Amino acid sequence: MEYNFREIEKRWQQQWKETGAYKVSNSSSKPKYYVLDMFPYPSGAGLHVGHPLGYIASDIFARYKRLKGFNVLHPMGYDAFGLPAEQYAIDHGIHPAVSTEKNINTFRKQLDNIGFCYDWDREIRTSDPEYYKWTQWIFLRLFKSWFNRKTKKAESIDELIKIFETEGNINHEIPNSRFQISNLSAAADLKSPVFSAANWASFDEFTQQSILMEYRLAYCGYGEVNWCEALGTVLANDEVINGVSERGGHPVVKKKLRQWYLRITEYADRLQNDLDTLEWSDAMKEMQTNWIGRSSGAEIVFKLASPPAPLREEKGLGDEATPGVRVYTTRPDTIFGVDFMVLAPEHELVEQITTPEQKATVDEYVAWVKSRSERERMAEKKISGCFTGAYAINPLSGKEIPIWISEYVLAGYGTGAIMAVPSGDERDHKFAQYFGIPITNIFGDVYKGDEAIADKNVTLYNSGFITGLKVKDAAEEVIEWLEDNGNGERKINYKMRDAAFSRQRYWGEPFPIIWKDGIAYPLKESELPLELPHVDSYKPGPEGEGPLANISSWVDIPTLDGDPTGLRRETNTMPGYAGSSWYFLRYMDPHNKEIFCDREVSDYWNQVDLYIGGTEHAVGHLLYSRMWTKALYDLGYIGFNEPFKKLVNQGMIQGSSRFVYRFTSVSFGNSIQDAGKGFISDSNEEESYPIFISYSIYQKYLDKEISKRDLLNLINEAGNTTFIPVDENDFEIALLKIHVDVNIVDGIELDIEAFKRWRNYEYSNARFVLENGKYICGTEIEKMSKSKFNTVNPDDLVNKYGADTFRMYEMFLGPVEQSKPWDTKGIEGVHRFLKKLWRLFYDEAGPTWTLAAPTSLERAEDEPTAEELKVLHRTIKKIEEDTERFSFNTAVSAFMIAVNELTELKCNKKSILEKLLVLLAPYAPHISEELWRQLGNTGSVLDAAYPVFEEKYVTESSKSYPIAVNGKTRTEITIALDATQQQVEEIVMADAVVQKWLGGKAPKKIIYVKNRMINVVI
RNA sequence: GCCCCGGUGGUGGAAUUGGUAGACACGCAGGACUUAAAAUCCUGUGACCCGCAACGGUCGUAACGGUUCAACUCCGUUCCGGGGCACCA
């Protein structure tokens, strides 16, 4: 009987579906285990072989845990809101809900093909109103909460109101250093307004609400966005290139828009500290740590040296109006080495302090910087800057230092100003050198003048009262001095900024917020979900608002009689990460109508035990879900404060692209002969022939191994064309490198006939410059994507080899965490392995076992031999260990070894083989189930007992030791494992090979590592 | 510019704590079976040297250096590839 994978896989998938084999209950006496994949965005392109890598890994682990006796939750769903569907709607007029539904169905079909054990009754879609009802609900919880810095947790805003009513905000100052609501900052003076209970009572509703907004975890403020007037829309950072839009090349300017934010900065400390409780890779933790960017140092006030009189008079400023410049530094110890100060060009003081002489230069520089994107400023290597003409006074040394501005200082971090210490900071050093600013040496002989001293184990020189101290002690001394003298204070800073939480788009969750007179009022819970209205146009609204602003019937809320009320709905929608920040909770209790997830249920499932996904979400999704989890925990809705206990990052499967090289034109000086038009000597001058040049010939031409003239001759020959250079030396050949579909290339050889049919016969009349009669393609490893024609569809492979082969091959490719290019070639080997496994059950004579006679008595019930048991138990140990450490590629090879060895032993004993099937079931469930049943088992292999490893079957009494002489292996000797050092030495010394290498000398010593090796040192 | 990950045969990769480098596959070459093909099976396969051969030797994990009885593994320097970034003071 043949291994008929198509029939087998179809039959078992059907049966598992009918019996609800993957249905998971929320109550069980078994221990729980929660395995989760990062859910996919259902793109129109469908799945390619890169997607299932992580899904297969998690599926194997989920099945393994189930066999090990756990109640395993392993759900799947769709992150269904997103920009591509909206763009598709703009381009094709298809409603995003329609295209999304269609894409989801495609995804589902493709996923089902691979035989995953998802409990599809728990499927969720973030765009489903039944789902986003709860996204909106959680948003309202965040809106109605604030972060109490005293208790370090989120609390109800009602508590805060009570505090204000009794004591004002004396104990709870406004968390952000800058006000987000402009009206308030205008009304209140200075940075940190403190008000009393009496003040609070006297405020009108608008002022009270504006103040509360400064505390809410989800709040409204103003932020700069990339605004493109021509497109009438807001652009993402990577849609802006060199100050113009990626599409169309229109100018892009910064525009302030009202935006929603999440006050994630309040959680910075907890997000940082709790990383210690997680089983994530160090690289991942490092990325989050860098993003949070906690640093400690000092904020120091530098008084301005008497500001230029003309300016002071012109602006009517007195001395008291120049309070100084605050800088943040992590190296207060280097204060005596400050040679200049640098402000961000956007810094509010720049305008005030610039001297008339410098004004023109400064204005020009500031204008130039404003035209540059944040990306550009970041990647810029060239030093640029500009002197303001003003000076500041170092509070410790009293020294006057020049104040510069430069794009390398960012307005959004710290105070937007730095004290520059060239001898201690590389960037400051380069800046000083570039502009010829004198450098003060505070490191004595250690500083040579050519580069800054970053080493923190040095002693300070030339540093006033901290001279002779080490970095750490000096920093403490300086901070104490600053605090004592009122010139600054100790400060902890974070790189992280609050998360922008609104988008000017249609296809996202609407905010359950209504505005009236500048005050945001939340909808009642009973009014949720606030559903997306139907629109006919997806064009942006006025003033950078989203498409929702165009639907006045939805935006404006009249009274029952239709009178205008001034009530207006929020027109922003939530960003992509809103729905994905909490979805792992909904899977636990997906159909609950009362609450997003019942507390008892979330108490049972608790954290996600294993989360598998790519590193691209390292700082976005993973930080936001951690914050949402912490907030929900603080508010008592769940009982754990970290969502994902263990995280495994799957590598990217890269595409292996193939290229053809098309000849496009020959140019002679100013004239161009275009290959597409004329110059073709065939019957019809109008006809054009695309001509393609095989890779090696192209490469030889690039390497100048063949001349331009030779290449032109080859082209003329292949194309039957008559390109003739007017001047033998002065002509250029233009060639175009084009991606070609990898599916019509065998290895690197182009299937010419398929190529002619490709792209709807676009190249049906193509002609080729071949090598040895073949067209060879160029190759490159790059991202797998449809536009690069390097995607491979899993459906094709499943159809050809079966799901079991596909699953195992994806794993066999290499470690899950590692990125690697896809190559279909090796899949044959894995398929052969499954066929070989099958032959252990069905020999040449036909079926050894059938359902009617499940066991062949005389053979199957034979006692297994010691050899067979050894193979089995070695395999049990290896598979279990490898599965536990996610080393699936080595597990697959262990299966291959086991089958090879059992074939060698001609073993077809049921007691051996059926245990092997259980081990294999997580990896290749279909064939395992089929053979398991063929062996006469009535239950499913999905719930079989996992084989238990027994040491006794694999213990050896001796080992073949490698014998090295001076570290180089020279021979092998089999020695009993319990041999003593002395016995080993005797055996080794008696060996002829060892004697040969000793050459009569006595060894210095003999190193004997039990069960490892022996080394003879001469 | 900064951060992270990686570099091992023709290819994907293995070597889990420093202890026989190249497991397991792919590919390739040769052979068996077959009229033939497919399928299957067997043998060989890092490079180089010596030799009729068994055996043996030298080199070899990006490059160079170091630690060690012993280094793909640890340390230092350099080069190359991939990914990320908010120049974070």
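Below, read A as the first sequence line, B as the second, and so on, with proteins coming before strands; counting in each chain starts at 1. Because the structure is a prediction, the values reported are computed rather than measured.
- rC3(B) and rU77(B): their P atoms are spaced 12 Å apart (whole Å).
- For V1017(A), counting side-chain heavy atoms from C-beta on, the closest listed nucleotide (rC69(B), rC5(B), rA89(B)) is rC69(B).
- Across rG57(B), rC4(B), rU17(B), the shortest atom-to-atom separation from the side chain of K996(A) is found for rG57(B).
- Of the candidate nucleotides rA39(B), rU16(B), rG13(B), rU16(B) has the atom nearest to the side chain of E881(A).
- Both T890(A) and K430(A) sit near RNA chain B, but only K430(A) has its closest nucleotide nearer the 5' end.
- Put simply, N889(A) has a side-chain N or O that comes within less than 4.0 Å of OP1 or OP2 on rA14(B).
- Closest to the R497(A) side chain, of the nucleotides rA14(B), rA39(B), rC88(B), is rC88(B).
- Aromatic ring centroids of W404(A) and Y365(A) lie 6.0 Å or more apart.
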So which protein nitrogen or oxygen atoms get under 3.5 Å of nucleotides 24-27 of chain B's nitrogens or oxygens?
| unit_1 | atom_1 | unit_2 | atom_2 | d |
| --- | --- | --- | --- | --- |
| rA25(B) | OP1 | N900(A) | ND2 | 2.6 |
| rC26(B) | OP1 | R832(A) | NH1 | 2.4 |

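- Checked against a 6.0 Å centroid threshold, the rings of F340(A) and F435(A) do not count as neighbours.
- Using modelled atom types, one finds a donor on one side chain and an acceptor on the other under 3.5 Å when comparing Y447(A) with H429(A).
- Proximity of Y64(A) to E880(A): side-chain heavy atoms (C-beta onward) are separated by under 4.5 Å at one or more points.
- Taking 3.5 Å as the limit, the base of rU11(B) and the side chain of K820(A) contain no donor-acceptor pair of atoms between them.
- When distances are taken from the side chain of K835(A) to each of rA39(B), rU20(B), rA86(B), the shortest belongs to rA39(B).
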Q: For RNA chain B, produce a single dot-bracket line, 5' to 3'. Pairs: Watson-Crick or G-U wobble, both distances under 3.5 Å. Symbols: ( ) within strand, [ ] crossing, | other strand, . unpaired.
A: (((((((..(((......[....)))((((((.......))))))((((......))))..(((((..]....))))))))))))....

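- Taking the syn range as angles within 90° of 0, the glycosidic angle of rG84(B) is outside it, so the base is anti.
- Within residues 331-343 of chain A, the residues having any heavy atom closer than 4.0 Å to RNA chain B are, in order of number, R331(A).
- Considering only side-chain atoms of V409(A), the nucleotide from rU58(B), rC4(B), rA89(B) that sits closest is rA89(B).
- Distances shown here put a side-chain N or O of R970(A) below 4.0 Å from the OP1 or OP2 atom of rG57(B).
- Classified by interplanar angle (parallel below 30°, tilted 30° to 60°, perpendicular above 60°), the ring pair F833(A)/F895(A) is tilted.
- Picking from rA89(B), rG12(B), rU16(B) the nucleotide with the shortest atom distance to the side chain of L813(A) gives rG12(B).
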